[in-house]
*Asks:* 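Here you go, one structure.
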Amino acid sequence: MFVKDKVAVIFGGSGAIGGAIAAVLAREGAHVCLGARNQNRLDLVREKIRNAGGRVDTFIVDVFDDVQVNQQIISLAEKTGGIDIVVNAMGFIHDQGKVIEELNLNEFLLGVTPFLSAQFNLCKAVLPFMGGHDRAGVIISVVAPAASMAVPGHLGHIVGCAAIEAFVKAMASELGPKNIRAVCIRSHAISDAIQAGSYTREVFAAKAQAMGLTVEQWLEGAAQSTMLKRLPTLEQVAEMAAFLASDQAGAMTATVVNMTGGATIS
């Protein structure tokens, strides 16, 4: 088992990506702790993992409330004895499709501020309970592929993705001496995430409608624009997260793992 007896905290644990990563980490022996805003959705993920024999707990958290995040993480760390793995799998509704002439400042910032605020708050909260000479830690962030793209109508989204990748690299330089790694999974649109309840249906729907397409047709077009002519799956992203969390990836930090099917090459 890749991560046997490690404690994994997954922010966005009720979502399609977070839930898939949680299931694989639990399968690989981790005690997973799922944080999100909706208890009902958390319960669904928790029951699936428990039914498969995994160890799982849940907690409600508003990642924009730094006091609440700190309190929840302190309580969790007291119960578990520390944290080994942290996954940021959160997503927020933002604009994709408007060019700058149509975009207002608030719409632009929706692609930047929520993502960075959540990243900062969760990282600051977990760090006191991670790392040390005998306990290696890793923080894994899942990000969309836009940082390396130049696409009209995605101004806030592109800037926000680039900022998360830069944040991860900068943070890695601070955390290395603490025996904590920071890595990023850059994934294209995930082929089966919408069927699993991902919020991205709402994000992609406006773009698809503007092109006279269904969301499913838009996803197929996105797949055909990649070198591999296919999009990553939830299983592939989750398995990659488990590998990155393991000792086998212990030399990897300040790294962006490209899972875009060749849509980006940097």
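Quick caveat: nothing in here was measured; it's all calculated off a predicted structure.
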*Asks:* Give the cluster check for F59 versus V32: same hydrophobic cluster or not, with ILVMFWY residues linked at side-chain heavy-atom distances below 4.5 Å.
*Replies:*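 Different hydrophobic clusters.
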*Asks:* Counting C-beta onward and ignoring hydrogens, is there a side-chain heavy-atom pair between V61 and L122 closer than 4.5 Å?
*Replies:*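 Side-chain contact under 4.5 Å: no.
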*Asks:* Please name the pair of heavy atoms, one in V56 and one in H31, separated by the smallest distance, quoted to 0.1 Å.
*Replies:*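 Result for this residue pair: N-CD2, 4.2 Å.
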*Asks:* A side-chain contact here means heavy atoms from C-beta on lying under 4.5 Å apart; do L76 and I83 qualify?
*Replies:*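 Side chain of L76 against side chain of I83, heavy atoms only: contact under 4.5 Å found.
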*Asks:* Give a yes or no on whether L103 and M149 share a hydrophobic cluster (residues Ile, Leu, Val, Met, Phe, Trp, Tyr; joining criterion: side-chain heavy atoms under 4.5 Å apart).
*Replies:*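 No; M149 is not reachable from L103 via cluster members.
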*Asks:* Please set out all donor-acceptor pairs under 3.5 angstrom arising from side-chain atoms of residues 160-169, sequence neighbours excluded.
*Replies:*
{"unit_1": "E165", "atom_1": "OE1", "unit_2": "R186", "atom_2": "NH2", "d": "3.0"}
{"unit_1": "E165", "atom_1": "OE2", "unit_2": "R186", "atom_2": "NE", "d": "2.9"}
{"unit_1": "E165", "atom_1": "OE2", "unit_2": "R186", "atom_2": "NH2", "d": "3.4"}

*Asks:* In terms of heavy-atom contacts, does CD of E235 have more than 12 from other residues, nucleotides or ligands at under 6.0 Å?
*Replies:*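 Check fails, neighbour count at 12 or below.
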*Asks:* What are the two closest heavy atoms between A263 and H188, and how far apart are they?
*Replies:*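 Result for this residue pair: CB-CD2, 3.5 Å.
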*Asks:* Could you measure the distance from the CG atom of D66 to the CD atom of Q71? Nearest 0.5 Å is fine.
*Replies:*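 Separation between the atoms: 10.0 Å.
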*Asks:* Calculate, to the nearest 0.5 Å, the distance between atoms NE2 and CG belonging to H157 and D95 respectively.
*Replies:*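 It is 10.5 Å, given to the nearest 0.5 Å.
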*Asks:* Set out, in order, the CA-CA distance, both residues' side-chain angles and the distance that settles side-chain contact (heavy atoms from CB on, under 4.5 Å) for E47 and R50, then state yes or no.
*Replies:* CA-CA 5 Å; E47 289 311 303; R50 283 185 176 170; 4.0 Å; yes
*Asks:* What is the distance from atom CG of N88 to atom CD1 of I21, rounded to the nearest 0.5 Å?
*Replies:*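 Separation between the atoms: 9.5 Å.
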*Asks:* Any donor-acceptor pair under 3.5 Å linking the side-chain atoms of S246 with those of Q248?
*Replies:*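 A donor-acceptor contact under 3.5 Å links the two side chains.
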*Asks:* For V215 and A205, which heavy atoms make the closest approach, and how far apart are they?
*Replies:*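 Looking at all heavy atoms of both residues, the closest pair is CG2-CA, 3.7 Å.
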*Asks:* Answer yes or no: is there an ion pair linking D5 with R55, defined by an N-O contact shorter than 4.0 Å?
*Replies:*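 Yes, this pair counts.
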*Asks:* Against F11, only a single residue in V87, V126, L34 fulfils side-chain contact (heavy atoms from CB on, under 4.5 Å); can you say which?
*Replies:*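 Going through V87, V126, L34 one by one, the side-chain contact (heavy atoms from CB on, under 4.5 Å) with F11 is satisfied by V126 alone.
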*Asks:* Let me see the working for D57 and T80 under side-chain contact (heavy atoms from CB on, under 4.5 Å), right down to the final yes or no.
*Replies:* CA-CA 11 Å; D57 290 304; T80 61; 5.8 Å; no
*Asks:* Which heavy atom of L42 sits nearest to which heavy atom of G13, and what is that distance?
*Replies:*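 Looking at all heavy atoms of both residues, the closest pair is CD2-C, 4.2 Å.
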*Asks:* Side chain of N179, backbone of G131: donor and acceptor closer than 3.5 Å?
*Replies:*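 No; zero donor-acceptor contacts below 3.5 Å.
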*Asks:* Using every non-hydrogen atom in the two residues, find where M90 and A118 come nearest and quote the distance to one decimal.
*Replies:*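 The pair with the smallest heavy-atom distance is CE-CB, 3.4 Å.
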*Asks:* Does atom CZ of F64 have more than 12 heavy-atom neighbours, drawn from other residues, nucleotides or ligands, at distances under 6.0 Å?
*Replies:*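 Yes, enclosed.
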*Asks:* Give a yes or no on whether the backbone of P114 and the side-chain of S117 come within a donor-acceptor separation of less than 3.5 Å.
*Replies:*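 Side chain of S117 to backbone of P114, a donor-acceptor pair under 3.5 Å: no, none is there.
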*Asks:* Rounded to the nearest 0.5 Å, how far apart are CD of Q224 and CG of L231?
*Replies:*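 Result: 9.0 Å between the selected atoms.
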*Asks:* Are the side chains of E216 and R201 in touch, meaning some heavy atoms are under 4.5 Å apart?
*Replies:*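 When only atoms from C-beta onward are counted, R201 and E216 do touch, with a gap below 4.5 Å.
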*Asks:* For Q72, is there any backbone N or O sitting under 3.5 Å from a side-chain donor or acceptor partner on S75?
*Replies:*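 Side chain of S75 to backbone of Q72: no pair is present.
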*Asks:* Report yes or no: do M171 and L244 belong to one cluster of Ile/Leu/Val/Met/Phe/Trp/Tyr joined by side chain heavy-atom distances under 4.5 Å?
*Replies:*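 No.
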*Asks:* Does the D247 side chain pair with the main chain of G250, one donor and one acceptor, at a distance under 3.5 Å?
*Replies:*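 Looks like no, no N/O pair under 3.5 Å.
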*Asks:* Heavy-atom count around L44 CG within 6.0 Å, excluding the residue itself: above 12?
*Replies:*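 More than 12 heavy atoms, drawn from other residues, nucleotides or ligands, come within 6.0 Å of this atom.
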*Asks:* Would I85 end up clustered with V142 when hydrophobic side chains under 4.5 Å apart are linked, directly or stepwise?
*Replies:*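 I85 and V142: one cluster.
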*Asks:* Are the side chain of T226 and the backbone of G262 linked by a donor-acceptor contact shorter than 3.5 Å?
*Replies:*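 Such a contact is absent between T226 side chain and G262 backbone.
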*Asks:* Measuring from atom CD of E28 to atom NZ of K6, what distance do you get when rounded to the nearest 0.5 angstrom?
*Replies:*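 It comes to 12.5 Å.
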*Asks:* Taking it one step at a time, do K48 and N51 satisfy side-chain contact (heavy atoms from CB on, under 4.5 Å)?
*Replies:* CA-CA 5 Å; K48 288 180 181 178; N51 290 340; 5.7 Å; no
*Asks:* Using only atom types and a distance under 3.5 Å, with no angle test, would you say the side chain of E202 pairs donor to acceptor with the backbone of Y199?
*Replies:*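 Side chain of E202 to backbone of Y199, a donor-acceptor pair under 3.5 Å: no, none is there.
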*Asks:* Between F108 and V159, is there a side-chain heavy-atom distance shorter than 4.5 Å?
*Replies:*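 Yes, at least one pair of side-chain atoms sits under 4.5 Å.
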*Asks:* Contact between K207 and H154 at the side-chain level, heavy atoms closer than 4.5 Å - yes or no?
*Replies:*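 They are in contact (side-chain heavy atoms under 4.5 Å apart), so the answer is yes.
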*Asks:* Is there a path of hydrophobic side-chain contacts, each under 4.5 Å between heavy atoms of I, L, V, M, F, W or Y residues, that connects F92 with L110?
*Replies:*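 In one cluster: no.
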*Asks:* Please tell me if the side chains of R135 and V7 come closer than 4.5 Å, counting only heavy atoms from C-beta onward.
*Replies:*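 With C-beta onward as the side chain, the pair touches.
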*Asks:* Is it the case that over 12 heavy atoms from other parts of the model lie below 6.0 angstrom from the NZ atom of K178?
*Replies:*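 Open: at most 12 neighbouring heavy atoms sit under 6.0 Å from NZ of K178.
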*Asks:* What distance separates K124 NZ from N70 CG, expressed to the nearest 0.5 Å?
*Replies:*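 Here the interatomic distance stands at 8.0 Å.
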*Asks:* If we only count heavy atoms from C-beta on, is the C123 to I139 side-chain gap below 4.5 Å?
*Replies:*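 Yes; the side chains approach each other to less than 4.5 Å.
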*Asks:* Below 4.5 Å, heavy atoms only, C-beta onward: do E239 and R27 meet side chain to side chain?
*Replies:*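 SC-SC contact between E239 and R27 confirmed.
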*Asks:* Search all heavy atoms of V138 against all heavy atoms of I180 and return the closest pair with its distance.
*Replies:*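 Heavy atoms only, the tightest pair is N-CG2, 4.2 Å.
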*Asks:* Name all pairs fulfilling the ring pair (Phe, Tyr, Trp, His ring centres under 6.0 Å) condition that reach into residues 204-244, sequence neighbours left out, sorted by first residue then second.
*Replies:*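 Output for this query lists F204-W218.
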*Asks:* Please evaluate residues V203 and H94 with respect to the criterion side-chain contact (heavy atoms from CB on, under 4.5 Å), reporting the C-alpha separation (whole Å), side-chain torsions for both, the decisive distance (0.1 Å), and the verdict.
*Replies:* CA-CA 7 Å; V203 175; H94 56 281; 4.2 Å; yes
